[in-house]
Amino acid sequence: MTLNVLWILVGIALVLWGADRLTDGAVAVAEQMRVPQIVIGLTVVAMGTSMPEFCVSLVSALKGTPDLAVGNIVGSDIFNTLLIVGVSALTAPMAILKNTVRKDIPFSLVASAVLLIMCLDGEIGRGDAAVLFVLFLTFMYMTIKEAGTEEEAGGDSDRKKPQAAWLSAVWIVVGLACLIGGSNLFVEGATGVAASLGVSEAVIGLTIVAGGTSLPELATSVVSARKGNSGIAVGNVLGSNVFNILAILGVTGMITPMKLRGITMTDLSMLVVSVILLWLFSFTRYRIERWEGAVLTAVFVGYMCYLV
């Protein structure tokens, strides 16, 4: 048990550090290719913060623990929507952009609802995964097209001098190595803890694994909220949610179809309810007040108590 917990902690550290290094390297390469900064933020950085979920879910599915893979994604999105937004709003009331309420939150809701429907038969097949990935490409096309228009209007005068190409390549390789190695340790440790405690892999995925892989989003959003950049905080959460469901489960499911055993309709319904709750709160003067953040946090705590 102690050794499994150690593997989880070492795995989390490697995955988070590796994702950071990979993102740094990828951003530098994108800058060297003169990709607009706003597009980098919406693609490379957003994907970078979701790399822990991707690697852990892919490794879990390949190792024959699909409940851990899907539980990680469902749990991470619930963690993002309820706890991260809730804690960020408790830190400072959050202003929500109209475009976020009109496009990003509805798209996140659609992704969650589509996943729930696909899981009614107890599996995510290659056809299901392909549909998810096509929806992801659609979302990215819409986002990058819109971002490109904003970039043309705002210019790109504050671009930093990119780091050397060889150093970027080194960070990408090192980051990937840490992600793969850390993900393996994480999955081995989480599976061992589940066996030792006599709980299902689904519950471990929805709690320990989801919380661990969502640490980058938590740190980014809380810091952004404290600095008054609430748009970044909410955008980070919603972008991560869409990427988790559509891209990660899309790619993972196309590689290896997943049969679900421990993930229930209650878990998937909570995912949909959490997005609806965020959407409803966002309509109130396009702000999430502290009391609304407290409600989101309380719902998350209640759900965790239900799981445990």
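Index from 1, following the sequence. What's counted below: heavy atoms across the whole structure, side chains too, no hydrogens, waters or symmetry copies. Quick caveat: nothing in here was measured; it's all calculated off a predicted structure.
No donor-acceptor distance shorter than 3.5 angstrom exists from the side chain of Arg126 to the backbone of Gly253, with no hydrogens or angles considered. Looking at Thr65, its side chain never comes within 3.5 Å of a backbone N or O of Leu68 through a donor-acceptor pair. In this structure, Thr256 contributes its side chain and Leu62 its backbone to no donor-acceptor pair below 3.5 Å.
Both Ile248 and Ile255 are part of a single hydrophobic cluster, where members link through side-chain heavy atoms under 4.5 Å apart. Cluster membership for Ile78 and Leu260, using ILVMFWY side-chain heavy atoms within less than 4.5 angstrom, is shared. Put simply, Leu9 and Val59 are part of the same group of oily side chains (I, L, V, M, F, W, Y) that touch within less than 4.5 Å, one to the next. Hydrophobic clustering of Ile, Leu, Val, Met, Phe, Trp and Tyr side chains at less than 4.5 Å, counting indirect connections, unites Leu3 with Val10. Both Val299 and Ile288 belong to a single network of hydrophobic side chains, linked directly or stepwise wherever heavy atoms of I, L, V, M, F, W or Y lie under 4.5 Å apart.
The CG atom of Leu206 sits 11.0 Å away from the CG atom of Asp77 when rounded to the nearest 0.5 Å. Taking OG of Ser240 as the start and CZ of Phe79 as the end, the distance is 11.0 Å to the nearest 0.5 Å. Once rounded to the nearest 0.5 Å, the distance linking CZ of Arg290 with OG of Ser88 reads 12.0 Å.
The two residues Phe300 and Leu82 come nearest to each other via the heavy atoms CB-CB, 3.7 Å. Pairing each heavy atom of Ala210 with each of Ser76, the nearest pair is CB-N, 3.3 Å. Gly293 and Ala89 make their closest contact through CA-CB, 3.7 Å (heavy atoms, listed as atom of the first residue, atom of the second, distance). For the residue pair Glu53 and Ile73, the shortest heavy atom distance occurs at CB-CD1, 4.0 Å.
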Indicate every side-chain donor-acceptor pair of residues 128-141 with a distance under 3.5 Å to a residue at least two apart or in another chain.
residue: Asp128; atom: OD2; partner: Gly125; partner atom: N; Å: 3.2
residue: Thr138; atom: OG1; partner: Val134; partner atom: O; Å: 3.0

Side chains of residues 102-123: which donor-acceptor partners sit under 3.5 Å, not counting sequence neighbours?
residue: Ser112; atom: OG; partner: Ser108; partner atom: O; Å: 3.0
residue: Asp121; atom: OD1; partner: Glu123; partner atom: N; Å: 3.3
residue: Glu123; atom: OE1; partner: Lys259; partner atom: NZ; Å: 3.3

Exercise answer: donor-acceptor pairs, residues 262-282 side-chain atoms, under 3.5 Å, sequence neighbours excluded:
residue: Thr264; atom: OG1; partner: Thr266; partner atom: N; Å: 3.3
residue: Thr264; atom: OG1; partner: Asp267; partner atom: N; Å: 3.3
residue: Thr264; atom: OG1; partner: Asp267; partner atom: OD2; Å: 3.0
residue: Asp267; atom: OD1; partner: Tyr303; partner atom: OH; Å: 2.7
residue: Asp267; atom: OD2; partner: Thr264; partner atom: N; Å: 3.1
residue: Ser269; atom: OG; partner: Met265; partner atom: O; Å: 2.6
residue: Ser274; atom: OG; partner: Met270; partner atom: O; Å: 3.4
residue: Ser274; atom: OG; partner: Leu271; partner atom: O; Å: 2.6
residue: Trp279; atom: NE1; partner: Val101; partner atom: O; Å: 3.0
residue: Ser282; atom: OG; partner: Leu278; partner atom: O; Å: 2.7

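No side-chain heavy atom of Leu296 sits less than 4.5 Å from a side-chain heavy atom of Leu83. Counting only heavy atoms from C-beta outward, the side chains of Asn80 and Val85 never approach each other to under 4.5 Å. Counting heavy atoms from C-beta outward, Ile124 and Val70 have side chains that approach closer than 4.5 Å.
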Could you go through Leu249 and Met258, starting from their C-alpha distance and side-chain angles, then the distance that decides it, and tell me whether this counts as side chain to side chain contact (heavy atoms under 4.5 Å, CB included)? CA-CA 9 Å; Leu249 288 183; Met258 296 172 283; 4.1 Å; yes
Check the pair Val174 / Trp17 against side chain to side chain contact (heavy atoms under 4.5 Å, CB included), numbers first and verdict last. CA-CA 10 Å; Val174 170; Trp17 190 83; 3.6 Å; yes
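Of the N and O atoms on the side chains of Ser57 and Asn72, at least one donor lies less than 3.5 Å from an acceptor on the other residue.
Residues Arg287 and Glu292 are not paired through a salt bridge, judged by the lack of any N-O separation under 4.0 Å between the basic side chain and the carboxylate.
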